[in-house]
Amino acid sequence: MPNRSSVSEFLLLAFTDTRELQLLHFALFLAIYLAALLGNGLILTAIACDHHLHTPMYFFLLNLALLDLGCISTTLPKSMANSLRDTRAISYHGCTAQVFFLLFFFGAEYSVLTVMAYDRYVAICQPLHYRTLLGSRACATMAAAAWGSGFLYAVLHTANTFSLPLCQGNAVDQFFCEIPQILKLSCSDSYMREAGLLVVIVCLAFGCFVFILLSYVQMFKVVLKMPSEQGRHKAFSMCLPHLAVVSLFISTGIFAYLKPPSLSSPSLDLVMAVLYSVVPPVLNPLIYSMRNHEIKDALRKLMK
């Protein structure tokens, strides 16, 4: 049986064998990638250049935009390059790096989304203590903890996954190196360590999800009691985009990694992978900018 030392490369999913459709796939992914770069780049530029946006909420949004750029830059460029060159190959080390960076950015993004929920909770439920609880040092510490937790998560998962012996070939049924697809290549009796680690991570992620959920329950209680309709509108415009991003990110990611084998199929796996790895980096700038007048004003100033 071949083990990990005998695998020098992996074969990613081929969308099609027809050259014209390969070029169409390249053009489609290129358009999506450029849209993500443009949207997140505008968010980053607006927050960096407008001093009115130098607040905790926009500081965490800046971190989210950076992570979105990292996520989509980990998956799409290699898939586009393979379609353009009519190949499926990715080196062993390239696959390892792809898994590591994808887990790093995803783990850090989930942590940042949790911190953003706390930021909104303090802003709405404890506004008088906002500057005390979310000073510049506290924000920097929370952001560093979010990036650090993503790094630790990525190191543990990547090291554990690629220490498994591979007995089922080297064909990955996905357009990027994804842990559930790599586990399918491992020996049937050797993946329990990764499954156990995954359970621990899921428990921690579930704790963050409960925190986010309870924060929003408290926020909506306060918002619904506001006498001013303008105040309610402002609070909802601050909360709803974040809630939409969290819901999309968590639901698709959990389904992709924890769905039972009976629900697994190549087409469903592909759709889920696109939903959690490609769609959020493209939609997040739209979700946050469409309902945010301050970002719109900052972008108008940039355009002028």
Side-chain angles (χ1 to χ4, degrees), residues 10-16 21 24-26 28-33 35-36 64 67-80 82-83 88 90 95 98-114 150 153-154 157-158 160-161 168 171-186 191 194-195 197-199 201-206 208-209 212 243-287:
F10 292 92
L11 300 178
L12 299 177
L13 177 69
F15 285 93
T16 178
L21 293 179
L24 179 62
H25 159 247
F26 167 79
L28 178 61
F29 268 23
L30 178 62
I32 293 173
Y33 186 54
L64 184 67
L67 292 167
D68 280 335
L69 286 176
C71 286
I72 202 165
S73 297
T74 302
T75 56
L76 291 196
K78 180 59 179 175
S79 181
M80 290 188 295
N82 280 0
S83 293
R88 297 173 54 193
I90 182 173
C95 186
Q98 200 172 56
V99 168
F100 172 80
F101 282 110
L102 196 63
L103 293 175
F104 168 53
F105 291 125
F106 279 160
E109 181 160 341
Y110 187 55
S111 299
V112 168
L113 289 172
T114 305
Y153 171 67
H157 261 312
T158 305
N160 203 42
T161 299
Q168 308 294 330
V172 179
D173 291 331
Q174 195 54 271
F175 67 94
F176 60 92
C177 287
E178 185 186 48
I179 283 184
Q181 302 301 328
I182 295 175
L183 291 181
K184 291 180 181 180
L185 306 179
S186 65
Y191 65 89
E194 175 64 18
L197 179 60
L198 192 61
V199 169
I201 297 298
V202 167
C203 290
L204 294 175
F206 182 73
C208 292
F209 176 72
I212 293 172
L243 190 58
V245 170
V246 170
S247 301
L248 177 64
F249 186 79
I250 293 177
S251 59
T252 55
I254 287 179
F255 188 82
Y257 277 77
L258 296 181
K259 67 180 181 297
S262 59
L263 293 179
S264 182
S265 68
S267 57
L268 181 61
D269 291 344
L270 177 61
V271 170
M272 287 297 106
V274 170
L275 283 178
Y276 80 79
S277 67
V278 176
V279 173
V282 178
L283 285 187
N284 283 357
L286 293 175
I287 291 173

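Heavy-atom minimum distance, Phe175 versus Leu13: N-CB, 3.9 Å. Shortest non-hydrogen contact noted between Asp269 and Lys184 is OD2-NZ, 3.6 Å. Nearest heavy atom pair, residue Val282 against residue Ala36, reads CG2-CB, 3.9 Å. Taking every heavy atom of both residues into account, Cys177 and Ile182 meet most closely at CB-CD1, 4.2 Å. Scanning both residues, Phe15 and Ser79, for their nearest heavy atoms gives CE1-OG, 4.0 Å.
Between Asn284 atom CG and Leu69 atom CG the span is 10.5 Å, to the nearest 0.5 Å. Between the CD1 atom in Ile212 and the OG1 atom in Thr114 there is a gap of 4.0 Å [rounded to 0.5 Å]. One distance of note links CZ of Phe176 with CD of Gln181; it measures 8.5 Å at 0.5 Å rounding. A distance of 10.5 Å separates SG of Cys95 from CD of Glu178, quoted to the nearest 0.5 Å. One finds the SG atom of Cys71 at 10.0 Å from the CZ atom of Phe104 (value rounded to the nearest 0.5 Å). A distance of 10.5 Å separates OG1 in Thr74 from CZ in Phe100, rounded to the nearest 0.5 Å.
The ring-ring contact (aromatic ring centres under 6.0 Å, His included) test applied to Phe105 returns no partner, not counting sequence neighbours. Partners of Tyr110 by ring-ring contact (aromatic ring centres under 6.0 Å, His included), not counting sequence neighbours: none found. Every residue meeting the side-chain contact (heavy atoms from CB on, under 4.5 Å) condition with Leu103, not counting sequence neighbours, appears here in chain and number order: Val99, Tyr153, Ala154, His157, Thr158, Ile179, Tyr257. With sequence neighbours excluded, the residues satisfying side-chain contact (heavy atoms from CB on, under 4.5 Å) with Leu30 are Phe26, Leu34, Met80. In terms of the side-chain contact (heavy atoms from CB on, under 4.5 Å) criterion, residue partners of Leu21 (sequence neighbours excluded) are, by chain and number, Thr16, Thr18, Leu24. Judged as a side-chain contact (heavy atoms from CB on, under 4.5 Å), and not counting sequence neighbours, the contacts of Val279 are Leu248, Val274, Leu275, Leu283.
No side-chain heavy atom of Pro77 sits less than 4.5 Å from a side-chain heavy atom of Phe29. In this structure, the side chains of Gln174 and Leu12 stay at 4.5 Å or more apart for every pair of heavy atoms.
No donor-acceptor pair under 3.5 Å is formed between the side chain of Glu109 and the backbone N or O of Leu64.
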